[in-house]
Amino acid sequence: MSTIELRKLTKAFGSFVAVRDADLSVSAGEVVCLLGPSGCGKTTMLRMIAGLERATAGDVIIGGKRMNELPADQRNIAMVFQFYALYPALTVGQNIAMPLHYEKLSPADSSARVKRVADILHLTTVLDRLPGQISEGEKQRVAVARAIVRDPNCFLFDEPLSRLDVELRHTMRSQIKEVLQGLSKATVIVTHDQLEALTMADRIAIMRDGSIEQVSTPHGVFARPANVFVASFIGTPQMNLFEADLKASAGGTADVTFGGAPLRLQTDPAVGRLAPASKVTIGVRPRGLTPVSLAAPDTITTAAELIEPMGAETLIHVRGPNKSDLRVVVPREKRVAIGEALHLRCDPRQTHVFDAQGQAVRT
Ligand code: ATP
């Protein structure tokens, strides 16, 4: 069975801990993206799974078998790197067939396998060309074909699309996703591109400073971020996050002060468990702030400072009561002038409350 399990996986380089106590399970056919800012430990984690880096502590279990002591070439893992070096003097077909070299297949079996993956990745017409004679997108597909031509225990991808231009990335994301869906293998993809993670992953593991902060579905990390870091990392434009003082909360209604101004919010009932006078961080997605015509206890009164058309929508920057910058996204049809007073209501489905430690408060 193609599965990957990491238990308390840790990697230290001298006194610097690059990955700390990582627990992660990837089931057969599942695609998990490791997502996080530069230097958070994504590649180190992938390299430990691959056997290219030795774990300082914890276990790497692949297909139910502990792999810690096995070298990379005995783990039967297919890996696609950011720099998918193809052999320039070999044809596309020969490049794809390379990993089969060690399997001692007959030439007929080998070419049947190459033909099958070339079909899947739409490379049939370029099999006889050299890498210098195909496009970047085709090269990327050859790298994937080379990985899937064997029957590996699992797949690891390290920033597989980062060298492609925006349009090609878009096409390749869906193509790779489609290919992976047909293979029933546990797959881990490293990326720092949240769009890539949101579109390709079944689940996303969000990392910061060597630790996994949250593992959830793309919808889960967006709609139910576990903490302030995940909330700020996922979503474009970024979630508005502002500090507030909790005055009282009961039955899903919380009264807070934000920059000295009172504000009533519809929140998760769990906020009622916080002590009155607690410091909290309120998070509201820019699309969760709706301009309404009149000021009310549940609105934030601000004025539009900067207006950025984004096509179908408009991004408005406003100044919150504590002078922080807030972002509001409205449909293009909503006309707003600079300096115009705005009364913004927080959509309860897009309003999050985080405690003084930055952890989400919810049932
Ligand atoms: P990026 O997105 O920039 O590739 P990343 O999340 O993949 O970053 P890693 O490459 O895993 O991050 O690195 C995590 C941390 O470990 C970084 O601070 C890096 O400098 C450090 N690191 C990685 N390899 C080594 C090494 N061989 N020796 C010392 N420190 C290392």
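Starting from 1, each residue takes its place in the sequence as its number. Just follow the structure's listing: the first ligand is 1, and inside any ligand the first atom is 1.
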Checking a contact table here: which protein heavy atom is nearest [atom], and how many Å away?
atom	value
atom 11 (O) of ligand 1	Thr44 OG1, 2.5 Å
atom 2 (O) of ligand 1	Lys42 NZ, 2.9 Å
atom 19 (C) of ligand 1	Phe16 CE2, 4.7 Å
atom 3 (O) of ligand 1	Ser38 OG, 2.5 Å
atom 7 (O) of ligand 1	Thr43 OG1, 2.7 Å

Practice item. Report the residue from Ile204, Ile189, Val188 that forms a side-chain contact (heavy atoms from CB on, under 4.5 Å) with Val31. Key: Ile189

Taking NZ, NE, NH1 and NH2 as the nitrogens, is one of them in [X] or [Y] under 4.0 Å from a carboxylate oxygen of the other?
X	Y	value
Asp109	Arg113	no
Glu30	Arg203	yes
Asp23	Arg7	no

Point to revise | Closest heavy-atom pair and its distance - Arg273, Arg362 | key: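 Smallest interatomic distance, heavy atoms only, reads NH2-O, 4.0 Å.
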
Exercise for review: Using a 4.5 Å cut-off on heavy atoms from C-beta on, say whether the side chain of Ile338 contacts that of Glu305.
Suggested key: no

Point to revise | Test item: protein heavy atom less than 4.0 Å from atom 15 (C) of ligand 1 | key: yes

Point to revise | atom 5 (P) of ligand 1 protein-contacted, heavy-atom criterion under 4.0 angstrom | key: yes

**Study point:** Gly39 neighbourhood, listing ligand 1 atoms whose heavy-atom distance to it stays under 4.0 Å
**Key:**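 Under 4.0 Å from Gly39, ligand 1 has these atoms: 1 (P), 3 (O), 5 (P), 6 (O), 8 (O), 12 (O), 14 (C), 15 (C), 17 (C), 18 (O).
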
Exercise for review: Please determine if Gly41 has a nitrogen or oxygen closer than 3.5 Å to a nitrogen or oxygen of ligand 1.
Suggested key: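 Yes; the residue has a nitrogen or oxygen that sits under 3.5 Å from a nitrogen or oxygen of the ligand.
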
Review point. Looking at ligand 1, does any of its N/O atoms fall within less than 3.5 Å of an N/O of Phe13?
Key: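 No, since none of the N or O atoms of Phe13 sits under 3.5 Å from an N or O of ligand 1.
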
Check your understanding: Is Asp347 reaching over with its side chain to a backbone N or O of Arg349, donor-acceptor style, under 3.5 angstrom?
Key -> yes

Check your understanding: Under a heavy-atom criterion of less than 4.0 Å, does Gly36 contact ligand 1?
Key -> no

Only distances under 3.5 Å count here; give the side-chain donor-acceptor pairs of residues 229-238 to other protein atoms, sequence neighbours excluded, each with its distance to 0.1 Å.
{"unit_1": "Ser232", "atom_1": "OG", "unit_2": "Val228", "atom_2": "O", "d": "3.2"}
{"unit_1": "Ser232", "atom_1": "OG", "unit_2": "Phe229", "atom_2": "O", "d": "2.9"}
{"unit_1": "Gln238", "atom_1": "NE2", "unit_2": "Ser232", "atom_2": "O", "d": "3.0"}

